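On a predicted model such as this, the values are computed, not experimentally measured, just so you know. Naming convention: chains lettered A, B, ... in sequence-line order (proteins, then strands); numbering from 1 in each chain.
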Amino acid sequence: MSASYQAVGWNKQKKKYDWIIFSFCVVYLIVFIGVTAYVNPDYTFETVLVRSTSTLALLLLHVILSIGPLARINKKFLPLLYNRRHLGVTMFTVALVHASFGIFQFHALGNVNPLVSLFMSNTNYGSLADFPFQALGFFALIIFFLMAITSHDFWLHNLGPKVWKTLHMMVYPAYFLIIMHVMLGVIQYETNPVFVLILGVGSSTLIVLHLIAGTREVKKDNEEFGLKQDGFVMVCGVNDIEDNRAKMFCIDKERIAVFKFERKLFAVNNVCKHQNGPLGEGKIVDGCLTCPWHGYQYLPQNGQSPPPFKEKVSTYDVKVQGQNVWVNPKPYPEGTERKGANF
Amino acid sequence: MIIEILLVPVGLYLFCGFVFAIAFIVKGVSVIDEGAHGGSIGFRIIIIPGTMVFWPLLLKKWLRAKKQQHD
Amino acid sequence: MIKPLRKRHLQIWSMLAILLPVGIISAWLAIPRQAVDKTLQPAHVNALSVILKSYKKPGAEIVNIRISADSSASQLEWINEETVTSPSALIYQKQKDDNSENITDADLIGRIEARGTYYFPLKNESKNNQFHFVIYDIIHHQVIEKINF
């Protein structure tokens with residue numbers, strides 16, 4: 001969908017999501033500040049702001065990181081994936097407020113540059129209990145910053161998918177840094193075990209979700225197909241594929257999506273040209289294969305995006321013998337018309 | 001005091017990036033990416049921070065695109 | 001997502017599945033323990049109910065021997081009316097008043113310093129209900145006071 005770039009790709013649905021995110025953040029902060037003012041009236045406003053934004057950012061980060069595996073485990077979560085980018089930028093903004101007030105409160109009131117003070121005021125890098133945890137948060141924030149400023153298709157296009165994806169996978173080390181920032185920071189003196197418990201539950205949930213989704217996907221990628229004939233591989237039965245939906249098969253290097261549409265079967269490369277989304281997990285909308293991630297569309301018979309868009313994916317030969325579907329994993333050049341297989 | 005020594009070049013790099021970003025969003029962005037044609041002003045503003053960080057890469061792309069135009 | 005990326009995701013999370021618990025647990029174990037106030041004597045010593053004997057030195061101290069209602073335990077109650085000015089003041093109990101300044105055979109009962117009420121358990125049953133205490137400055141090695149009653 002190489003139409004002209006806009007600042008934010010808003011549509012009715014995304015606006016609704018963004019309003020929900022925004023309202024949630026505002027309500028969370030108000031409730032946190034209100035409760036703290038009631039329970040601990042002697043806390044300064046900066047302290048309350050530092051704490052409310054930190055917990056909000058941490059909560060958002062856990063939601064963001066769970067969306068990916070949840071969407072793979074259950075398709076109902078796909079709409080969240082569609083909107084994850086805005087959630088990410090929101091999380092960065094909240095974290096930035098947290099960092100700014102933290103640096104202001106602890107480092108800006110002396111005669112040393114606050115950033116120098118951040119690294120030099122505590123140099124116990126060899127100790128766990130006195131570790132300069134703020135440095136950990138700082139590096140995580142740099143990663144979130146780089147991710148936030150490149151959260152636009154312009155950057156995906158101009159940095160290239162490989163660099164872009166690598167940059168955005170830095171969120172995992174950043175998550176580790178954040179957990180340690182919390183554990184070596186506030187947990188060292190707010191020693192109520194409830195906080196450790198909450199953090200433990202949060203990270204173990206993420207670990208379990210990612211391991212479940214990850215093992216399933218890798219297992220699917222390593223699936224062996226026994227029957228081969230003239231370059232074709234038998235993949236499944238005709239009735240295994242629902243109408244207007246697809247099944248994916250990793251025969252050689254990459255997955256192929258076999259779609260059922262108007263009593264015919266078509267096979268295209270599973271990887272969407274936009275952000276490498278899984279086309280085979282989408283469905284056919286208005287006669288086009290529609291990527292579940294960001295709604296990029298392709299015609300089933302030739303793998304081309306309908307004009308004026310220019311994206312193309314490879315197509316493959318499919319045939320039906322008896323009740324079985326056979327796919328030839330040799331790709332045709334991107335956008336090549338194939339007639340599909342009747343059944 | 002490595003931090004103090006590092007802060008200066010980092011600041012300088014980002015400053016150069018900012019100067020580059022102004023020229024880039026006015027002219028360069030349309031040269032290297034056809035998606036920018038007819039792109040909104042909001043889009044141009046939103047890519048400024050990224051341009052300040054990744055400016056050497058974009059500069060290279062811009063020069064290459066210019067050279068291709070001439071050829 | 002493409003195949004190598006799916007594999008990379010799984011690898012990263014397998015690594016995090018080890019690193020995160022290790023990080024969280026070791027940081028948790030590293031939480032410094034709060035320094036515990038070691039009081040010079042247990043905070044919740046209550047006075048035993050019966051005063052057996054009493055001694056009073058006006059302006060200095062009141063000394064009571066207290067016993068429990070069933071006489072099974074005895075206790076020294078020391079009410080210090082003035083702060084002790086010697087650098088150290090240890091209470092020793094002697095079996096008899098032997099007029100010597102020797103404390104090698106005496107039992108160490110406890111230490112007094114600031115104003116307040118001190119309680120010390122007494123081990124030895126006293127013969128004839130006679131009590132002999134020596135207040136001794138262990139730094140200067142000299143007797144501060146002798147109490148016999």
task: Would you please test Leu7(B) and Phe119(A) for side chain to side chain contact (heavy atoms under 4.5 Å, CB included) and show each step?
output: CA-CA 12 Å; Leu7(B) 275 181; Phe119(A) 285 98; over 6 Å; no
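With a threshold of 4.5 angstrom between heavy atoms, Leu57(B) approaches chain A through side-chain atoms but not through N, CA, C or O. Of the atoms belonging to Ile32(B), heavy atoms from both backbone and side chain fall under 4.5 Å from chain A.
Within the 4.5 Å cutoff, the side chain of Leu167(A) has heavy atoms near those of the Phe54(B) side chain.
Within 6.0 Å of CZ in Phe101(A) there are 12 or fewer heavy atoms belonging to other residues, nucleotides or ligands. Counting heavy-atom neighbours within 6.0 Å of Met170(A) CE, excluding the residue itself, gives a total of 12 or less. At most 12 heavy atoms of other shown residues, nucleotides or ligands fall within 6.0 angstrom of atom CZ in Phe18(B).
When each of Ile45(B), Ile47(B), Val29(B) is checked for heavy-atom pairs under 4.5 Å with chain A, Ile47(B) comes out on top.
Contacts from residues 151-160 of chain A to chain B, taken as heavy-atom pairs separated by less than 4.5 Å, involve His152(A), Phe154(A), Trp155(A), His157(A), Asn158(A), Leu159(A) in sequence order.
The two atoms that bring Gly50(B) and Ile149(A) nearest to each other are CA-CD1, 3.5 Å, heavy atoms only.
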